[in-house]
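Remarks on the structure that follows.
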Amino acid sequence: MVALREVEAPPATAHETKYHVAKGGSGSALDIADFNLWYGPKQALFDNTLSIESGLVTALIGPSGCGKSTLLRSLNRMNDLIDGLTVRGSVSLQGVDIYARSTDVIALRKRMGMVFQKPNPFPMSIFENVIYPLRIDGVRARSILVETAERALRGAALWEEVKDRLDESALGLSGGQQQRLCIARAIVGDPEVLLMDEPCSALDPIATARIEELIDELAGSYTIVIVTHNMQQAARVSQNTAFMYLGRLIEYGETQRVFTDPVAEKTSDYITGRFG
Ligand SMILES: Nc1ncnc2c1ncn2[C@@H]1O[C@H](COP(=O)(O)OP(=O)(O)O)[C@@H](O)[C@H]1O
Ligand SMILES: [Mg+2]
């Protein structure tokens, strides 16, 4: 895959094929194997082993504190920023160990867009927010920036709402629009994977429904991993679900099966609301 930022004047067809190329059904995008993680002396993840299927939506569910965000942040090495962190085991992206010494972490993170709980637009215009990653990469050609911004905003289902106000502050958008803007910024560099950590938890039901629709539209073009504490949401948006408890992966499989016919008693207790 050729990243747009590396191409000064790509042919029109390259543009057209960049987004919404179905990558689904082609095996695993991420392979997590015997993965353990400690914050200082405290172990937060225990022997997590699972493969995330390419082009599908995988939900990470489980009670608060069970390690969902920790596992998600392990996938693009966001945890590296934390002092006293130790990991053991491996995470591979398309077969390449992301924890290998030779891994270029900056390049790795570009292959994985990330969206956080609370929308975090920068205090700048809508346009500048979307193209921020390209600016950081030194892309200067105005025509490329304009075209790429439009494509990302369309991809994030926000274009129609903002096309006439691209130079206005992003902080003037509603919460749901801000989160879609953050999704646009996360996909502008054409990543392979989208990591979302409870992306709707700060949104009202209507904005939440809009984001869920968007996740549906993005699946196939991207491999999506979404953390959610909302089981209905997991059931609605994902094809596969991983249930975690106390840092361990308890159950993993097709979402419908996990919710209707869980194997582990703990999963059954959780999805029926016996604890949470
Ligand atoms: N930066 C950190 N330093 C120390 N402990 C942390 C840190 N982040 C999370 N933890 C701990 O790791 C465990 C898992 O947390 P987290 O991954 O945030 O869970 P979840 O996202 O499922 O709510 C919790 O016990 C939490 O307190
Ligand atoms: Mg969390």
Side-chain angles (χ1 to χ4, degrees), residues 30-50 52 57-91 98-99 105 108-109 112-120 175 178-179 182-183 186 193-203 207-208 211-212 215 223-238 240-253 255 258-259 262 264-276:
L30 285 157
D31 293 294
I32 303 157
D34 296 320
F35 193 77
N36 295 262
L37 180 147
W38 292 259
Y39 292 112
K42 184 181 180 298
Q43 187 163 5
L45 296 177
F46 298 81
D47 296 321
N48 288 182
T49 297
L50 67 157
I52 306 285
V57 181
T58 298
L60 302 181
I61 65 166
S64 185
C66 72
K68 304 181 295 296
S69 297
T70 298
L71 181 60
L72 192 77
R73 290 194 305 257
S74 298
L75 304 181
N76 67 346
R77 290 186 54 174
M78 283 292 279
N79 289 322
D80 282 18
L81 309 169
I82 296 168
D83 272 350
L85 191 94
T86 315
V87 302
R88 199 183 67 206
S90 70
V91 176
I98 70 164
Y99 284 91
V105 180
L108 169 77
R109 293 205 186 113
M112 307 175 111
M114 191 152 194
V115 177
F116 300 89
Q117 238 166 314
K118 209 169 157 287
N120 59 342
Q178 288 187 4
Q179 195 61 306
C182 293
I183 292 171
V193 179
L194 255 187
L195 305 175
M196 302 179 136
D197 195 348
E198 305 204 24
C200 303
S201 65
L203 306 180
T208 295
I211 299 278
E212 289 184 5
I215 290 170
T223 301
I224 300 179
V225 186
I226 178 172
V227 167
T228 176
H229 63 260
N230 178 330
M231 286 183 277
Q232 286 75 25
Q233 178 166 79
R236 282 192 297 265
V237 303
S238 72
N240 290 323
T241 292
F243 169 61
M244 297 176 69
Y245 184 66
L246 298 177
R248 293 174 198 278
L249 178 68
I250 305 296
E251 183 150 358
Y252 181 47
T255 297
V258 170
F259 281 99
E265 199 178 330
K266 212 66 203 163
T267 316
S268 166
D269 287 351
Y270 183 69
I271 62 175
T272 55
R274 244 164 269 164
F275 71 96

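As the structure lists them, so they are numbered: ligands from 1, and atoms in each ligand from 1.
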ask   = Should you measure from each heavy atom of T70, which atoms of ligand 1 turn up under 4.0 Å away?
value = 14 (C), 15 (O), 16 (P), 17 (O)

message = Using a 4.0 Å cut-off to any heavy atom of A44, which atoms of ligand 1 qualify?
response = 12 (O)

Donor-acceptor under 3.5 Å ([X] side chain, [Y] main chain):
X    : Y    : answer
R77  : R109 : no
Q179 : F116 : yes
K68  : G62  : yes
T49  : A33  : no
Y99  : S74  : yes

For [atom], which protein heavy atom lies nearest, and how many Å away is it?
atom                    : answer
atom 23 (O) of ligand 1 : G65 N, 2.7 Å
atom 19 (O) of ligand 1 : G67 N, 3.2 Å
atom 27 (O) of ligand 1 : K42 NZ, 4.6 Å
atom 1 (N) of ligand 1  : I82 CD1, 3.7 Å
atom 12 (O) of ligand 1 : Y39 CE1, 3.3 Å

task = Decide, counting backbone as well as side-chain atoms, whether S69 has an N, O or S atom less than 2.8 Å from the Mg ion (ligand 2).
result = yes

ask   = Side chain or backbone of S69 under 4.0 Å from ligand 1, or both, or neither, by non-hydrogen atoms?
value = both

message = Can you tell me if R73 contacts ligand 1 (heavy atom of the residue under 4.0 Å from the ligand)?
response = yes

ask   = Is it true that G62 lies under 4.0 Å from ligand 1, counting heavy atoms only?
value = no

